[in-house]
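Okay, so here's the structure we're looking at.
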Amino acid sequence: MAGRLEKCSSLMGFALLCLKMVTSSKTAPEIPTIDQAYSKLSNSITVEWTAVPGATSYLLTAEDGDTVIETTVASSPGTVTGLKAATLYRITIRSISASGQSQASSPKQAKTVLAAPVLEVGSPSPDSILVRWDAVYMAIGFSVSVMRANGLGRIWKENTTNTSLTFSSLDAGTLYTIKAYAWNANGVPGDDSTCNQRTMACAPGRVTIQEAPPGHLSVAWSNVELGDYYVAFVKSDDGLEVHCNTSLTRCHFLSECGFTYFISVFAYNTAGQSPLGDVFNYTTAPCCPSDISAVLVSSDRVEIAWSPVRGAELYETKAIAGYSVVECNDTAPACTLSALDCDTKYNITVYSFSEIRGSNLSCSSHYITTAPCSPEIKHISKDAFSTINVHWRSTNEGATYTVTAQGKKGLFQCSSTGETCIIGGLPCGSVFSVSAVAETQAGKSLPSYSVPLETVPCCPVGLTAVQVTQSIINVSWTIGTVAQTYVTVLESQMGQSKCHTHQNHCLLGCIACGINYTVALKAISPTGLTADCAYQSYSSSACCPLGVKLYRLGPNGIRIYWQASRGSANYSTDLHGSKGIFTCVPSAGLSFCDVTDIPCGDVYTVMVSPVAETGLKLTFCPKKIYSVTCSGSTLGMVIYRGKRDDTVSPR
């Protein structure tokens with residue numbers, strides 16, 4: 001066991017010896033030493049070192065803590081690129097030969113210089129150049145120089161801590177070279193930027209703006225020396241902008257009403273755009289209202305309204321008819337034109353107005369006709385059948401008239417295109433207010449002044465005539481509506497009898513018996529209106545007989561004799577005594593009748609009276625009293641005891 005261990009140890013030693021011999025035969029190159037590391041550009045660092053014998057190349061390494069960048073170079077000096085500006089790097093170097101690569105050298109620190117400012121250059125005026133740039137990391141100041149691109153003339157140089165500079169007093173239309181760089185807190189300059197800028201052209205002058213015809217803007221300007229072409233910009237106040245590119249000195253644009261346009265013109269050449277000249281504004285005339293509508297049309301007034309329009313500060317409304325002009329001004333999109341003539345066609349125009357541009361006189365007109373004039377009722381005629389004929393006066397053209405009679409008992413109307421119409425069926429005893437209205441396509445007139453109308457009183461019903469005495473008739477009736485008094489007339493060929501009363505009956509005297517009469521009744525209102533109500537015939541009763549006498553006919557009989565009055569009549573005889581009532585009716589044409597079986601020794605009241613055609617026995621004829629005795633001759637005259645006066649009171 002011990003012998004085996006010894007043998008193994010000898011083999012391992014031999015192997016290590018062989019390995020050492022191989023290594024010593026391929027020795028790595030020496031480690032180089034960095035002499036200096038510095039930055040001239042913001043994205044690189046240059047390294048200088050002493051050459052190493054046998055080295056075929058070198059590996060440069062730059063580390064900033066976040067990134068590692070390596071670059072292989074052939075000899076000193078070498079540059080590492082792709083670095084960040086104004087950044088501190090740790091720089092090392094390794095030598096490389098066929099036998100390998102050395103260890104890293106001792107590090108050196110180097111910082112990249114500041115980045116170059118990014119320039120924005122322009123020429124705001126023909127004799128100046130404006131240079132702008134963004135801030136540069138770690139920079140505390142900037143140097144900017146301007147000189148002619150051809151190298152002639154002076155050099156303008158300025159140092160500043162700002163981020164812009166303006167160089168003035170330059171030559172117009174000249175190409176200049178601008179160079180700028182930043183420096184850090186140690187005064188080390190960074191990369192520089194170089195660019196060229198030509199100064200030039202002047203802004204166009206004498207800009208004129210015209211709007212002819214409406215809706216078209218013409219913009220003109222003066223020619224600019226060294227100007228190759230022009231661009232005119234037109235921007236409306238709603239933000240919309242259009243432009244025109246031309247080599248001429250005029251441009252045309254479409255415009256709309258009620259807008260303010262802002263106009264600027266630039267000249268261009270190879271140097272670029274001219275500076276901004278004066279900005280002009282032009283306000284077009286306000287728009288015209290287009291949706292004008294009549295809200296109300298009456299005989300003397302028109303109310304119109306419309307939607308607000310762009311650019312209008314005020315609205316002027318004119319209504320013209322012949323030499324008549326009515327105006328109203330308002331900021332609201334509505335107007336009431338008053339004091340107009342009725343039934344008149346007006347030319348109405350609404351003009352929009354702005355303080356800058358004045359009135360837009362191109363607004364179109366609208367025609368509105370006022371409502372018809374109110375008719376004037378001239379008179380109302382009435383007939384006997386509750387019908388009225390209304391007459392009026394009016395100057396309207398093509399109007400239809402409606403007449404209305406209105407009262408507690410209803411409303412009644414008639415219509416006509418002329419100047420009269422008839423209303424029928426008006427109830428009696430009523431009061432109405434009558435007015436007329438004219439109507440055309442333009443509307444209705446105001447009603448005419450009302451005219452009061454009273455219809456005749458209503459006629460009473462139930463007219464009756466009753467004969468109270470031979471010469472008196474009582475006429476009665478029911479009360480009629482509105483009637484205040486009544487007139488009753490009883491008329492025949494022999495004359496008339498009249499009664500005027502406020503009651504519902506009337507006694508008419510001086511009536512002749514046996515005569516045909518006509519009875520008329522009139523109802524009269526408090527205002528004197530009269531209604532002829534009733535016409536009917538009436539025959540007065542036959543006259544009471546004269547010379548009534550009684551004669552004895554035997555012991556129990558009586559003959560009543562009389563003298564018949566004029567005219568033919570039937571008579572009836574009544575005898576009233578304590579022992580009974582006895583009646584006899586004579587044969588036709590006779591003037592006597594006999595009563596048999598009448599008790600004697602009694603006093604009788606005797607009345608001979610005519611009998612009406614209706615069979616009614618009249619009771620107003622005179623009565624006589626006779627005494628019938630039981631002694632004496634059986635023939636002869638009955639003793640007359642006197643006359644009885646019975647007064648019949650009227651109903």
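Values in this document were obtained by computation on a predicted structure and should not be read as measured data. Values below: every heavy atom of this structure, side chains too, minus hydrogens, waters and symmetry copies.
In terms of modelled atom types and a separation under 3.5 Å, the side chain of D602 and the main chain of K579 share a donor-acceptor contact. Not one N or O on the side chain of T573 forms a donor-acceptor pair closer than 3.5 Å with the backbone of V608. Here the side chain of N504 pairs no donor or acceptor atom with the backbone of T478 at under 3.5 angstrom. Checking side-chain atoms of D291 against main-chain N and O of S307 turns up a donor-acceptor pair under 3.5 Å. Without hydrogens or angle criteria, T369 side chain to A442 main chain gives no donor-acceptor distance under 3.5 Å. A donor-acceptor pair is defined here as one N or O able to donate and one able to accept, closer than 3.5 Å; such a pair exists between the side chain of Q467 and the backbone of Q470. With T455 contributing its side chain and G429 its backbone, the two residues share a donor-acceptor pair below 3.5 Å.
Checked against the 2.5 Å cut-off, the SG-SG distance between C544 and C621 falls under it. C533 pairs with C459 as a disulfide, the SG atoms being under 2.5 Å apart. Sulfur-sulfur distance for C373 and C342: below 2.5 Å, consistent with a disulfide.
Salt bridge annotation for R310-E256: present, with a cationic side-chain nitrogen under 4.0 angstrom from a carboxylate oxygen. A salt bridge links D594 with R559: the distance from a Lys NZ or Arg NE/NH1/NH2 to an Asp or Glu carboxylate oxygen falls below 4.0 Å. Salt bridge status for K378 with E376: absent, with no side-chain N to carboxylate O gap under 4.0 Å.
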Trace of the side-chain contact (heavy atoms from CB on, under 4.5 Å) decision for I598 with L575: CA-CA 9 Å; I598 183 170; L575 284 80; 3.6 Å; yes
Take V475 and I473 through the test side-chain contact (heavy atoms from CB on, under 4.5 Å) and record every step on the way to the result. CA-CA 6 Å; V475 181; I473 292 180; 4.1 Å; yes
Kindly determine whether W562 and F592 satisfy ring pair (Phe, Tyr, Trp, His ring centres under 6.0 Å), including the steps that lead there. CA-CA 6 Å; W562 61 88; F592 68 90; 7.6 Å; no
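Within the cation-pi definition used here (under 6.0 Å to the ring centroid, within 45° of the axis), K235 does not qualify as a partner of F262.
Checked against the 6.0 Å centroid threshold, Y261 and F253 do not count as a close aromatic pair.
Aromatic ring orientation, W477 versus Y486: tilted (interplanar angle from 30° to 60°). Using bins of under 30°, 30° to 60° and over 60° for the plane-to-plane angle, the ring pair Y561/Y551 lands in the perpendicular bin. In this pair, H379 and H391 present their aromatic rings parallel. The plane angle is below 30°, not in the 30 to 60° band.
Judged purely by distance below 3.5 Å, without hydrogens or angles, the side chains of S255 and H216 never pair a donor atom with an acceptor atom.
Partners of T317 by side-chain contact (heavy atoms from CB on, under 4.5 Å), not counting sequence neighbours, listed by chain and number: I304, W306, C328, C335, L337, I348, V350.
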